[in-house]
There are 2 protein chains.
Amino acid sequence: MDHRAGMPADEEVVAELGSKVTMEFKHQATVTLAEVAEAAGVGESTVSRVLRNHGSFSGKTRDRVMAAVERLGYVPNRIAGTLASTGSRLVAFVIPSLSNIVFPDVLRGASAVLEENRYQAVFSVTDYDPEKEEALAAAMLAWRPAAVMLAGYEHTEGTVKMLRASGCRIVELLDVDGDALDISVGFSNRAAGRDSAAFLLKRGYRRIGYVGHDLNRDTRAGKRFSGFCETLGAHDAPLADHEILAGASSVENGRLGLEQLLARTPGLEAVYFSNDDMALGGYFHCLARGISIPSQLAIFGYNGLDIGRATPQPLSTIRTPRVATGQMAAQLVVANAPPQVVDLGFELIEGATA
Amino acid sequence: MDHRAGMPADEEVVAELGSKVTMEFKHQATVTLAEVAEAAGVGESTVSRVLRNHGSFSGKTRDRVMAAVERLGYVPNRIAGTLASTGSRLVAFVIPSLSNIVFPDVLRGASAVLEENRYQAVFSVTDYDPEKEEALAAAMLAWRPAAVMLAGYEHTEGTVKMLRASGCRIVELLDVDGDALDISVGFSNRAAGRDSAAFLLKRGYRRIGYVGHDLNRDTRAGKRFSGFCETLGAHDAPLADHEILAGASSVENGRLGLEQLLARTPGLEAVYFSNDDMALGGYFHCLARGISIPSQLAIFGYNGLDIGRATPQPLSTIRTPRVATGQMAAQLVVANAPPQVVDLGFELIEGATA
DNA sequence: TACAAAATTGGTAGCGCTGCCAAAAAAATC
DNA sequence: GATTTTTTTGGCAGCGCTACCAATTTTGTA
């Protein structure tokens, strides 16, 4: 992406400064629980109990311990604590992307719940690459997390085997069209596609096209597309044409895709986009070209981004519970709930573009 | 031995849900390094050396060890490894928000670099609350990270004290207007504000307004605003009016803010927005009301979001190196570079809205 | 007052791994 | 072939904490 400002300069900076480094960087002698115990004049286990507010101890002891903690600036070592105790309070997210707003939204919902429960979120990004997902999942398991959260159901055999063997909870997010390994929280992408098609048909559009981004990688977008086509087909209005762009979903790609689609297939009445980013690109294309919406061309998106509600004509789309998905997933993990599939559903927003 | 299996809590859960759950719940007996060593017929330290590719060992031994690892499905325990060795490979991010695209972008840049170097990112979200930042920073330090990354320079005294005492690297991101605690990577928000003002003045706009979101919390936006006003003042064109909206920055708020500003102060020639989200809201407002841009009203944003480049008129704004900021920050941490401030600069995009 | 029950405490064995050191094996040298 | 040197190895003491257990103190009861 944006390497402009960084890369070449980065190397220089690092190299340049390498020589004049003296490290005040080594770890400082940190205070340990044993030192706190000594300072407070109590046993180690007592300090441990007080700090975790677990087991019993007198008020007097608690005060003494807390005073010592304060005085020494003690920060418990969770690494040691986790190793010594039962399960960890780490939750690992292995997500396809941080550019697609969907995933920050999920993280946002989840992290709020996790923080409240003193869990810690760790994450890594796969770029929609199943092999990379496998490698990163393996790396995450090395931290012995309480749960691993992944996007969707499509994983390599190796990933599945590894996760199964790990014994930690597995949460598959943002999809319910498939077989869950353990817990799954999301909504039906296929149904979203079908409902979108049904809506367009109900509005009377018949010559309908599709503009999307790489479907092999984003399998959930693929499921929407397939549901969409299915319903069109069932109503004798098969997809008129489609344009799939190579890169990731983006506003620019949506614009480009629509331009190409319209050039190739005149007379389209409506276009379904793989998501709101793409749809907004299409919308802007129409604005720029003076194509009147929805009379000349209807536009339908997916996701229900805020921005789509603030455009001159609100975008017709499907709003997905992204934050809620994260919240629910986190809650189930924290509660150590039994395996289950939670379908949070979605909401069709009529908008003004279709 | 695995004393987890007998935990009261586990039993309860299992009992409660016993009817419909078969428990892949309890922690599975995980393979340990000692078991691998035994299976491979070598010592523990040999396995450790092979797996970390550190120290010396024969090819034959390596093969034996790897075979055993494969066979047993061994996943090293990084918790134990980190505790035993000096210095962790965790990097902690304490960020204000995941809604503001800035932070996912920074995370994206950083996580790519961190993953390459086998570091692990952990994060938590402060909601722009300094108190919460302090609490979360404390929680992160408990994981003994190699570095803590924070947004900007404004932290509570407690946070600063704690970070200083921790002995881990501290990276302050997205700002260079202030005194760095250790490493700092970003760009000057004040200069961005000044340049924006200078640009608008150069274009001949004199009656200029501002629409922004909560400045107390987002201090970087505050610095831009202050730089902006400074330059306007220096050119005898003091800010005509401003509208500050309570909530977070959003497209909707930008729209609302502009509407209110225009109602109150007719005759404005240009409006500066606290960022591109807000600016797009303003842009849409103008589109909807038939206000011609930039002849009737000029619009200027901040951030250089992709979407601003795909609107019918490209947004005039300042593009910030967000991903590069994350990359650079991660590189410096990985390289254990000396304390320094890295100013990555920004780029003014003329666009068509101002 | 004596004795049982309950509430507090401290000691200590690991958790699974790494780092150090010395021992053993292999390679190199005379 | 004997001796050095180098390369490979294994043993084991922690890393800082928690869980278990037993010891101690406090409280309650007869």
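The sequence lines fix the lettering, A, B, ..., with proteins before strands; numbering per chain opens at 1. Bear in mind that the values here come from a model prediction, so they are computed numbers and not experimental data. These numbers come from the heavy atoms of this one structure, side chains and all, not from hydrogens, waters or symmetry mates.
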ask   = What integer distance in Å separates Leu83(B):CG from dA13(D):C1'?
value = 13 Å
key: Whole-Å distance separating the CG atom of Leu33(A) from the P atom of dC15(D)   = 13 Å
request  = Check each of Val333(A), Ile95(A), Val94(A) against Met149(A) using the side-chain contact (heavy atoms from CB on, under 4.5 Å) test, and report the only one that passes.
outcome  = Val333(A)
task = Mind checking the CG-CD spacing from Asp182(B) to Glu172(B)? Nearest 0.5 Å is all I need.
result = 8.5 Å
query = What string of B, S and - do you get for nucleotides 4-12 of chain D, 5' to 3', if B is base contact, S is sugar-phosphate-only contact and - is no contact with any protein heavy atom under 4.0 Å?
reply = ----BBBB-
ask   = Quick one: Arg89(B) CZ to dT18(C) C1', roughly how many Å, whole number?
value = 14 Å
ask   = Could you give the CG-to-P distance, from Leu51(A) to dC17(D), as a whole number of Å?
value = 9 Å
query = Out of dT18(D), dT18(C), dC15(D), which nucleotide sits closest to the side chain of Ser85(A)?
reply = dT18(D)
message = Without decimals, in angstroms, what is the distance between Leu72(A) CG and dG16(D) P?
response = 15 Å
remark   = Separation between CD1 (Ile170(A)) and CG (Leu181(A)), nearest 0.5 Å, reads 5.0 Å
message = Main chain of Ala40(A), side chain of Arg64(A): is a donor-acceptor contact present, judged purely on distance under 3.5 Å?
response = yes
ask   = Is Gln340(A) close to Leu332(A) at the side-chain level, that is, under 4.5 Å between some pair of heavy atoms?
value = yes
ask   = Is it true that atom CD of Glu38(A) has more than 12 heavy atoms of other residues, nucleotides or ligands lying nearer than 6.0 Å?
value = no
key: Euclidean distance, atom CD of residue Glu35(B) to atom C1' of dG16(C) [Å, nearest integer]   = 11 Å
key: Separation of dT8(C) C1' from Lys60(A) NZ (nearest whole Å)   = 11 Å
key: Sorted by number, the residues of residues 73-81 of chain B with heavy-atom contact under 4.0 Å to DNA chain D   = none
task = Just compare dT18(D), dG19(C), dG16(C) and give me whichever is closest to any side-chain atom of Arg52(B).
result = dG19(C)
remark   = OH of Tyr74(B) to OG1 of Thr30(B), rounded to nearest 0.5 Å, is 9.0 Å
inquiry  = If the threshold is 4.0 Å, N to carboxylate O, is there a salt bridge linking Asp105(B) and Arg108(B)?
reply    = yes
remark   = In this structure, CZ of Arg144(B) is separated from CD1 of Ile79(A) (nearest 0.5 Å) by 8.5 Å
